[in-house]
2 protein chains.
Amino acid sequence: MAASSRPTIHEVAKAAGVSISSVSRALNGNTSNPEMVARVKAAVKQVGYVPSAVAQSLKTQQTGQVAFAMEDIGNAAYLAMVREIQPLLREDGYRLLLHATGADVQDEIEVLESLAQKYVDGLILCPIRVTDRHLAALRSPAVPVVVIGQLPEEADVDNVRTDSRQGARLAVEHLYAAGARRIAFINGPADTVPGRLRHAGYQDGLHACGLEVDDSLVEFGGFQVSAGREAAQRLLARTQPDAVFAANDLIALGAMHAIRSAGRSIPEEIQVVGMDDTTLAETSFPPLTSVSLGSRDRGRLAADMLLARLHGETGPARRATVAPSLTVRESTREAAA
Amino acid sequence: MAASSRPTIHEVAKAAGVSISSVSRALNGNTSNPEMVARVKAAVKQVGYVPSAVAQSLKTQQTGQVAFAMEDIGNAAYLAMVREIQPLLREDGYRLLLHATGADVQDEIEVLESLAQKYVDGLILCPIRVTDRHLAALRSPAVPVVVIGQLPEEADVDNVRTDSRQGARLAVEHLYAAGARRIAFINGPADTVPGRLRHAGYQDGLHACGLEVDDSLVEFGGFQVSAGREAAQRLLARTQPDAVFAANDLIALGAMHAIRSAGRSIPEEIQVVGMDDTTLAETSFPPLTSVSLGSRDRGRLAADMLLARLHGETGPARRATVAPSLTVRESTREAAA
DNA sequence: ACTGGTTGCGGAAACGTTTCCGAATCGTCG
DNA sequence: CGACGATTCGGAAACGTTTCCGCAACCAGT
């Protein structure tokens, strides 16, 4: 199947009648003699030589690889980041390694600790929970790390974040402006950082609009479509909202299904707002009004930060924040009179 | 930021008062003396040693990494494969590297040729076009390769495929059975392998149902939502189909938008069938009838095949075929009388 | 023509492991 | 009690590069 063993730099040297140092220099552009370079290149072609990435890595102490770790690549927000990050890394000659941790804290820690093995030059991490063990592991990472998401103030780590609390508030205010008064909230797990922040933002929004906080309008579940559907069913069986704010687009999609199944129309009877503004929002029916948390921007910023470190940037941890914005589509009414 | 240099096996050896060979043996379980192992483990903990993955790779000639190369991770079919493949690889201790080639043939070739650098132990490749250069590069790859997709009969490569031609035919037959007589087809690019096969299957289906082939019912475009919408607009401006078969779910989604915008109802006036049976199909409105090409199965099979090779399996190239199947949802009518 | 500075190249060390091989130790058996 | 096999460990080579160092050769300047 695969050829038994590829030629090494020694074979090239022999074929070209020069030393291995000269071969290396010729290939890495550290020689000025054109005749030398030509001979080496010819020999390379003749013996079919390709340098070993592993040996180069060992010598140069760089792998040319960067890892991206997140909960699940199936989540469109992360997907958007990956699609943004990969081309940027590639432009700089880095390969991308993917770690799906399945929201398992233990897995995330393992990824962080495995960095000491030095199989990558850097990491972009999207933790869904941040524990003390995370922070400890982030204290002195073996390679540069950029975290996408909320982090305690004191953490000295490059960080890209968004204000999802503010985003949730935007959603509520938009619904209020569009005439909704009984605004329900379908959240993900309450013990996650995004879950807490979105809930807080939802309450912020209610306060800002002068609406009562009514816990019977709040449901918790997972961040998936099915969870959204089930949560919406429970909600509708219990009470009668005129709007639903979902903690992400998947939940919103599930909720829209449940709402239609219950015979209510969108947006006439119940308006719906999602969060993350993924491609799902554009293509759903009706097209979903969604709070954009700038996933693509966050991906780009994180990649930029990491590349800067890889290019030797030193100095204190940087932090960038992407402002949320609302993309209004047809699942909500225009601001009513 | 990052600590200047991690301790090596030599530091451990010194701390434990033994030779580096003993350290290596103790850590890799090739020693029987428990006291030795204990001392080494203690020393490891004391100096904070973590083995260098690169050095191990150089010595063992294995990287513990596998690459997956496809057009675009944004495509739900590939996404489903990744989600299937990653856990399987991980179970066997392999890390996953992602190459998005952007449907660029040159890029795909580069990926294949870069395998000689041995930065991965194997590759799963989803080529969208198969050129002679692909075949040449596949002739004697530096590491085991599994191709997902159609391949010429004579190619001696492990291969997982599906019969998308048969799948397209299923779609047409289903539409016919549901009463459609003017069945349009919105395809992707005509010069891709999937494009050709689906077109052929569409025609097969028409023949099987005794319908005329009418080229005015066929549109070409890209494989994205926007392309699907535009193609459907052109189609509807020109003629009046009672069903649309789209070459993938994204196109179908775009087409459904265009159809609704044109004021036609789904499925009453125009039925729609997609292909790939992605999560989009379940969550769309109305839920989309779609031809499943078993993306997850194909991913799993490819991973299995590759792992078998990595575990030393030899022998001729294997081939597996996943049969297409139809998932009927609400964008089509039940078989009519 | 001799010297001083460049330049071009080869030898060898180093990166951090694994593993082969030989030496030393131990226990056991004749 | 001596010898022999088994076991355990240390030394050193090897994986395939890059790069430091030194040597020879060359050019120009006096």
Side-chain angles (χ1 to χ4, degrees), chain A residues 3-41 43-44 47-65 114-121 142-143, chain B residues 3-41 43-44 47-65 114-121 142-143:
Chain A
S4 54
S5 94
R6 305 265 144 184
T8 72
I9 201 172
H10 291 94
E11 272 72 56
V12 178
K14 200 183 298 173
V18 299
S19 75
I20 62 163
S21 355
S22 298
V23 175
S24 175
R25 274 188 297 255
L27 295 180
N28 297 315
N30 298 324
T31 189
S32 39
N33 185 340
E35 196 252 348
M36 170 90 261
V37 174
R39 266 172 68 191
V40 169
K41 294 242 165 114
V44 163
V47 304
Y49 168 74
V50 179
S52 153
V54 173
Q56 286 180 320
S57 294
L58 180 59
K59 191 59 201 177
T60 62
Q61 304 285 55
Q62 308 191 17
T63 61
Q65 300 184 158
S114 71
L115 292 181
Q117 295 178 248
K118 294 286 194 93
Y119 59 93
V120 289
D121 296 338
V143 299
Chain B
S4 54
S5 94
R6 305 263 145 187
T8 72
I9 199 172
H10 291 93
E11 272 72 56
V12 178
K14 200 183 298 172
V18 298
S19 75
I20 61 163
S21 358
S22 298
V23 175
S24 176
R25 273 189 296 255
L27 295 180
N28 297 315
N30 297 324
T31 189
S32 38
N33 184 341
E35 196 252 348
M36 169 90 262
V37 175
R39 265 172 69 190
V40 169
K41 294 244 165 115
V44 163
V47 304
Y49 168 74
V50 179
S52 153
V54 173
Q56 286 180 321
S57 294
L58 179 60
K59 190 60 198 173
T60 62
Q61 305 286 52
Q62 307 190 18
T63 62
Q65 300 184 158
S114 71
L115 291 181
Q117 295 177 245
K118 296 288 195 90
Y119 59 93
V120 289
D121 296 337
V143 298

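Values in this document were obtained by computation on a predicted structure and should not be read as measured data. In what follows, every chain begins at residue 1, and chains take the letters A, B, ... in the order their sequences are listed. Because only heavy atoms are used, hydrogens play no part in the values below, and waters and symmetry mates are left out as well, while side chains stay in.
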Please answer whether the main-chain N or O of Ile20(A) pairs with a side-chain N or O of Ser24(A) as donor and acceptor at a distance below 3.5 Å.
no
Do any side-chain nitrogens or oxygens of Asn33(B) fall under 4.0 Å of OP1 or OP2 in dT7(D)?
no
Quickly work out the Tyr119(A) OH to dT17(C) P distance and round it to whole Å.
16 Å
Heavy-atom distance under 4.5 Å between the side chains of Gln61(B) and Lys118(B), does that happen here?
no
Terminal axis angle for the helix from dA1(C)-dT30(D) to dG30(C)-dC1(D), five pairs an end, nearest 10 degrees
60°
Atom pairs, N/O to N/O, protein against nucleotides 19-28 of chain D, distance under 3.5 Å?
none

What's the CE-P distance between Met36(B) and dC9(D), to the nearest Å?
6 Å
Going through the checks in order, is the side-chain contact (heavy atoms from CB on, under 4.5 Å) test met by Leu27(A) and Tyr49(A)?
CA-CA 11 Å; Leu27(A) 295 180; Tyr49(A) 168 74; 3.7 Å; yes
Please classify the nucleic acid contact of Val54(A) as base, sugar-phosphate, or nothing, using heavy-atom distances under 4.0 Å.
nothing
Tell me: CD of Gln62(A) to C1' of dT18(D), nearest whole Å?
12 Å
How many Å lie between CG on Leu58(A) and P on dT18(C), as a whole number?
12 Å
Given the rule in the side-chain contact (heavy atoms from CB on, under 4.5 Å) test, do Arg25(B) and Met36(B) qualify, once you have shown the distances and angles that lead to the verdict?
CA-CA 10 Å; Arg25(B) 273 189 296 255; Met36(B) 169 90 262; over 6 Å; no
side-chain contact (heavy atoms from CB on, under 4.5 Å) between Asp121(A) and Val143(A), worked out
CA-CA 6 Å; Asp121(A) 296 338; Val143(A) 299; 5.7 Å; no
Grab the CG-C1' distance between Leu27(A) and dT17(D) for me, whole Å please.
11 Å
Note, Leu58(B) side chain near Val54(A) side chain (heavy atom, < 4.5 Å):
yes
Do Ser22(A) side-chain atoms and Val18(A) backbone N/O form a donor-acceptor pair below 3.5 Å?
no
Using a cut-off of strictly less than 4.0 Å, decide whether Tyr49(B) has a side-chain nitrogen or oxygen near OP1 or OP2 of dT17(C).
yes
Is it true that the side chains of Thr8(A) and Glu11(A) contain a donor and an acceptor less than 3.5 Å apart?
yes
For a quick check of understanding: with a heavy-atom distance under 4.0 Å over all strands, which category does Val50(A) fall into, base, sugar-phosphate or nothing?
sugar-phosphate
For dG16(D), does either OP1 or OP2 sit under 4.0 Å from a side-chain N or O belonging to Gln61(B)?
yes
When rounded to whole Å, the CD1 to C1' distance for the pair Ile9(A) and dC15(D) reads 14 Å
What's the closest nucleotide to the side chain of Gln56(B) if the choices are dT18(C), dT17(D), dT8(D)?
dT18(C)
With a 4.0 Å limit, can you tell me whether Ser19(B) has a side-chain N or O closer than that to the phosphate oxygens OP1/OP2 of dG10(D)?
yes
Side-chain donor-acceptor contact under 3.5 Å, Tyr119(B) with Thr63(B):
no
Over how many whole Å does the gap from Lys14(B) atom NZ to dG16(C) atom P extend?
13 Å
